[in-house]
Amino acid sequence: MFFTKPTYEEIKLPFRSIDDPADLELGWINLEAYGNVFGKTKYCYAWYELKSAKMYKNGDFEQMIELLKNSKDKTVKVIIKLKKGVPKDFKIDVNSLAEVYCDERFTALSLLGWGFNDKSYKELSSR
């Protein structure tokens with residue numbers, strides 16, 4: 001068989017907010033979930049925008065950023081895509097993020113981009 005269907009596994013990982021002034025100016029929220037993903041340390045970096053422009057005008061964006069700054073000791077559900085048993089992709093579950101903060105506004109995040117890396121955002125951006 002040439003093509004095998006991918007499988008998906010859910011895991012909980014700690015996460016942190018990435019404070020990039022240029023991205024904050026654009027209204028982006030950057031998150032990095034990290035840890036042991038099936039025997040290897042992986043960094044699941046994703047950046048988002050809010051689905052509604054009203055959320056920027058009414059202060060929701062700033063409030064959400066403040067909540068995310070206090071993410072120490074919190075975990076989020078990450079859905080890992082595996083092909084032939086090897087992690088290839090991920091998705092941070094925004095519903096899980098909303099549960100972590102008891103704040104439904106986090107379900108209004110729209111994914112802009114992502115990176116599934118062996119190094120953290122800080123390591124990659126310090127080059």
Side-chain angles (χ1 to χ4, degrees):
M1 180 181 213
F2 292 108
F3 300 102
T4 59
K5 286 187 177 185
T7 59
Y8 298 87
E9 297 283 336
E10 295 178 0
I11 59 175
K12 291 273 193 171
L13 292 174
F15 67 95
R16 60 182 153 236
S17 172
I18 304 294
D19 294 324
D20 182 320
D23 287 351
L24 289 171
E25 184 69 29
L26 291 169
W28 295 351
I29 292 176
N30 301 325
L31 300 176
E32 184 174 60
Y34 56 93
N36 185 328
V37 177
F38 309 113
K40 292 186 177 184
T41 300
K42 291 288 189 179
Y43 297 88
C44 305
Y45 178 72
W47 62 99
Y48 302 89
E49 67 180 350
L50 297 174
K51 291 179 182 177
S52 169
K54 291 178 188 176
M55 295 180 76
Y56 292 102
K57 293 177 184 173
N58 69 11
D60 285 337
F61 176 74
E62 290 82 7
Q63 292 170 13
M64 292 167 71
I65 292 296
E66 284 304 312
L67 285 171
L68 287 166
K69 286 181 182 178
N70 301 314
S71 58
K72 185 176 178 168
D73 299 324
K74 294 185 180 349
T75 60
V76 67
K77 181 169 59 172
V78 179
I79 303 162
I80 305 291
K81 178 180 177 181
L82 299 140
K83 274 192 117 174
K84 298 183 181 179
V86 177
K88 295 292 185 182
D89 193 3
F90 75 93
K91 176 183 167 193
I92 294 175
D93 184 337
V94 293
N95 293 320
S96 172
L97 190 62
E99 289 173 15
V100 167
Y101 291 105
C102 299
D103 191 329
E104 288 299 312
R105 293 180 295 186
F106 287 98
T107 62
L109 293 176
S110 178
L111 183 67
L112 292 171
W114 57 271
F116 193 48
N117 305 306
D118 294 328
K119 295 182 179 181
S120 73
Y121 173 84
K122 287 181 182 182
E123 289 177 279
L124 292 171
S125 64
S126 66
R127 293 181 176 179

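Every heavy atom of this structure was used, including side-chain atoms; hydrogens, water molecules and symmetry mates were not.
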Handout entry: Hydrophobic cluster membership, I80 vs V94, 4.5 Å side-chain cutoff
Key = yes
Rounded to the nearest 0.5 Å, the CG atom of L50 sits from the CZ atom of F61 at a distance of 6.5 Å
Output for pair (S125 OG, Y45 OH), nearest 0.5 Å, gives 8.5 Å
Given side chain to side chain contact (heavy atoms under 4.5 Å, CB included), test K40 with D118 step by step and report yes or no. CA-CA 8 Å; K40 292 186 177 184; D118 294 328; 5.6 Å; no
- Item | Steps toward side chain to side chain contact (heavy atoms under 4.5 Å, CB included) verdict (F106, S96) | CA-CA 9 Å; F106 287 98; S96 172; over 6 Å; no
CG of N30 to CD1 of I65, rounded to nearest 0.5 Å, is 8.0 Å
Between S17 and S71 the two heavy atoms that sit nearest each other are N-OG, 3.9 Å
- Item | Check against side chain to side chain contact (heavy atoms under 4.5 Å, CB included), S120 and R16 | CA-CA 11 Å; S120 73; R16 60 182 153 236; 3.8 Å; yes
Q: Indicate yes or no: at least one non-hydrogen side-chain atom of V86 is less than 4.5 angstrom from one of K83.
A: no
Exercise. Any side-chain heavy atom of D89 sitting closer than 4.5 Å to one from W114?
Worked result: yes
Heavy-atom nearest pair, A46 first then L111, reads CB-CD1, 3.9 Å
All heavy atoms of F90 vs all of G115, minimum pair found to be CE2-O, 3.4 Å
Indicate if L68 and V78 have the same hydrophobic cluster label, given that clusters are the connected sets of ILVMFWY residues with side-chain heavy-atom separations under 4.5 angstrom.
yes
Applying a strict under-4.5 Å side-chain criterion to I, L, V, M, F, W and Y, I'd like to know whether F38 and L13 cluster together. yes
Value for CH2 (W28) from CG (D20), rounded to nearest 0.5 Å, stands at 9.0 Å
Does Y56 reach the main-chain N or O of G27 with its side chain, forming a donor-acceptor pair under 3.5 Å? yes
Value for CG (D19) from OH (Y121), rounded to nearest 0.5 Å, stands at 9.5 Å
*asked:* I want to check something: taking the side chain as every heavy atom from C-beta on, are R105 and L67 in contact at a cut-off of under 4.5 Å?
replied: yes
* Does L112 share a hydrophobic cluster with L31, counting links as ILVMFWY side-chain heavy atoms below 4.5 Å and allowing steps through other members? -> no
Taken in chain and number order and not counting sequence neighbours, the residues that satisfy side-chain hydrogen bond (donor to acceptor under 3.5 Å, both in side chains) with E49 are none
Cluster question for you: counting only ILVMFWY and a side-chain heavy-atom cut-off of under 4.5 Å, with indirect links fine, are M64 and L24 together? yes
Heavy atoms of other groups near K12 NZ, more than 12 under 6.0 Å: yes
Show, in sequence, the C-alpha distance, side-chain angles and deciding distance for L109 and L97, and conclude whether the side chain to side chain contact (heavy atoms under 4.5 Å, CB included) test is met. CA-CA 10 Å; L109 293 176; L97 190 62; 3.9 Å; yes
- Heavy-atom count around K74 NZ within 6.0 Å, excluding the residue itself: above 12? yes
Between the CD1 atom in I92 and the CD1 atom in I79, the distance rounded to the nearest 0.5 Å is 10.5 Å
Check whether F116 forms a cation-pi arrangement with K88 (NZ or CZ under 6.0 Å from the six-membered ring centre, at most 45° off the ring normal). no
